[in-house]
Protein chains: 2
Amino acid sequence: MARLCCCRSNVSLFLAAMTLGLLMTVYTIRTIQLLGEEEAIKEPITTFNNRRIPRTELLEENNNNNNNNNNNNNNNAITDGGGTVDSSSSPCECKERGTTVSPPSLETNNEQKIYLPKPVRNESHAQFNELPMIFMITPTYKRLTQKVDLVRLCQTLMLVSNVTWIVIEDASTYSKVVTNVLNNCKVKSVHLHEKTTTFVSRRKGGGGHRGVEQRNRGLKWIRDNHGLKDSKMGVVYFGDDDNGYDIRLFHEMRYTSVVSVWPVGFVGMLRYEGPNCQDGRVVSFHTSFRPDRTFPLDMGAFAVNLQILMNKPEVYINHKSAAGMLETTFLSDLEVKPSQLEARANNCKNIYVWHIKTEKPKMPYERQNPGDKTIEV
Amino acid sequence: MARLCCCRSNVSLFLAAMTLGLLMTVYTIRTIQLLGEEEAIKEPITTFNNRRIPRTELLEENNNNNNNNNNNNNNNAITDGGGTVDSSSSPCECKERGTTVSPPSLETNNEQKIYLPKPVRNESHAQFNELPMIFMITPTYKRLTQKVDLVRLCQTLMLVSNVTWIVIEDASTYSKVVTNVLNNCKVKSVHLHEKTTTFVSRRKGGGGHRGVEQRNRGLKWIRDNHGLKDSKMGVVYFGDDDNGYDIRLFHEMRYTSVVSVWPVGFVGMLRYEGPNCQDGRVVSFHTSFRPDRTFPLDMGAFAVNLQILMNKPEVYINHKSAAGMLETTFLSDLEVKPSQLEARANNCKNIYVWHIKTEKPKMPYERQNPGDKTIEV
């Protein structure tokens, strides 16, 4: 009877305890999710389209690069104890966070330096659906090294979340090689083709631009598929298939209100070309070619907010632009002002993209000894 | 009183419910962990050093490549509805799994092909501590494109778990550039330097080999730091810093009993050079240069089981080898027999590594217009 008399209170207690257990479960799941998201949603500091957005990545960059080119202040690094690299620098004062990063623990050895694995900032696994989408427009053309270049770029983008990779072949049809690469690539991608018809070489008075019609095909796809109504925050970037990218470039460009900019390595016959920046704004440009250009920027040196492009649906890249003027005419047509440019990459002090090419391989024995032709290289 | 009389049973009930809640929590955490590990530990099929090991990756490869160079059978691919690419091929019969992969859902459009994002097989996030370690030995030397090449390779390795990246500079000291790259690279890495002293060019009767002393320095580090006693399963691979890698190469080489092999793109002045394989074994080699070599393989064409190297502690790469004979002398010194070679990459039908170079950038304006010299390119 005593047991029976307690039935009601027992049930309530049981339910309360179960609820507590369930709450703990939910809390645990959420904690794990948050760990996956790292700090990205914890520090809304700056605004983007009048919304408060996380910019941990920007902060992270700034912290990592307070001592530019001397990154010994990295948390997990075990730096050299006996080499010639200066490891005596004091720990970086991370003013923006208001904390001091403790110095790295040293594993001294005269002959070796060991860097322990750091937590991978791979956005791909996290629940980053709220991140602004990066639409990366990549023209491509048939050549010996096309596949390896695309494979490397695919793998780079696998480390970035919320990317739509728009790959446009300069061809009148889809190639097997590109189809296979995108089929195996674990990135959301769009495969298009657009044969160049307007190319005029510089010798004949044209600008000698390549990739214009492919980039415009990519722009058209974005506009056709992402109306202003469902315009999620997003950014558009023109990234060639043979360039080299540090993934921090993507983490930073994602938050672009109008146009964000950064320097590019090996452009304009210089070690680097691009903006000189102060306090997040562009103060001048480092360039040798036509410094009178309004925007002396490489095509890989900027990203444009999606809404800027959607608000000017008639604006495409003008293939009639003079040599080196593609970027200036495009941004001018979008009515962007130089004062609106937003500095990235540690106030334009870091190189996160390199304008390079893969050497064409020589294969003099191929004709006489072709091997298995079904093997795709 | 009725409440008091129920105290004991209340407490037991409360405790039982709490325990249930906690068990649910633990179960949830474990489930999430297992999800992270994907299928890798679910299918122990083959053996490695007499231990049953998972080989989901190998299976995955075989499935993906049953129709070689026609990967339209990929689960998540949305293939072309109107293009010229053949999308009519029947779904692949995945015999090894005993299941039939359903055909991809089609989003028909005459002008575009969209590939939805696939689940990223990024081992880095998973609990793969039981995977055999890949020791990747990478010689590097100072040049304009050194940083971008290393950054790209770092990012490739970020997609592979249980890698120790051993980077050896051909220099008498540590460089800032490599230090910075490794400091920022989210891969476990070892940084060494070893200045070349034995290089003899082919014209002077030498083999013209580069990177030998650096690779040997890497081998020495592995032997010094991984005794036979604590010999975990592992594999050693010589991977140059400027080559291109499909990450599936690493997923496959990890399970190597003696020496695993595969073809390499753009080697030996051919489209590809390497083994011809049948049923997992090498039957001949495709090469133009000295086909009489016992192992006509590029340095990037094979991986060696760690214990094979530990059992022969006196064996290093012999810099006195004739041109093109480095690999043959090394594997012969390890007493490897051609019959022991294990085929990878879909019976040597797929190219997962390309022997390439990044073009040297030209910067004629740099001297007269040097820009900010503190910017590391």
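Remember, it's a predicted structure, so these values are computed and weren't measured experimentally.
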Taking side chain as everything from C-beta outward and backbone as N, CA, C, O, which of these in [X] sits under 4.5 Å from a heavy atom of chain A? Side chain, backbone, both or neither.
{"X": "B/Pro263", "answer": "neither"}
{"X": "B/Leu144", "answer": "both"}
{"X": "B/Phe289", "answer": "neither"}
{"X": "B/Cys348", "answer": "backbone"}
{"X": "B/Lys357", "answer": "both"}

(request) Against chain B, work out which of A/Met363, A/Gln155, A/Arg152, A/Arg271 has the most heavy-atom pairs shorter than 4.5 Å and name it. (result) A/Arg271
(message) Let's test your reading of the structure: which of A/Val377, A/Asn276, A/Ile351, A/Ile356 forms the most heavy-atom pairs below 4.5 Å with chain B?
(response) A/Val377
(request) Look up atom CD in A/Glu359 and atom OG1 in B/Thr358, then write down how far apart they are to the nearest 0.5 Å. (result) 8.5 Å
(message) Is there a side-chain contact between A/Trp354 and B/Thr145 in this structure, where contact means two heavy atoms from C-beta onward sitting under 4.5 Å apart?
(response) no
(request) Find out whether A/Asn184 and B/Arg248 are in side-chain contact, i.e. whether some heavy atom of one side chain is under 4.5 Å from a heavy atom of the other. (result) yes
(message) Taking side-chain contact (heavy atoms from CB on, under 4.5 Å) as the definition, give me every residue that meets it alongside A/Pro291, ordered by chain and number, with sequence neighbours left out.
(response) A/Thr287
(message) According to side-chain contact (heavy atoms from CB on, under 4.5 Å), who are the partners of A/Asn369, at least two apart in sequence or on a separate chain?
(response) B/Leu270, B/His286, B/Ser288
(request) Identify the heavy atoms of A/Gly268 and B/Tyr365 that sit nearest to each other, and give their distance. (result) O-CD1, 3.7 Å
(message) Using the side-chain contact (heavy atoms from CB on, under 4.5 Å) definition, which of the options B/Asp246, B/Thr156, B/Ile247 pairs with A/Val151?
(response) B/Asp246
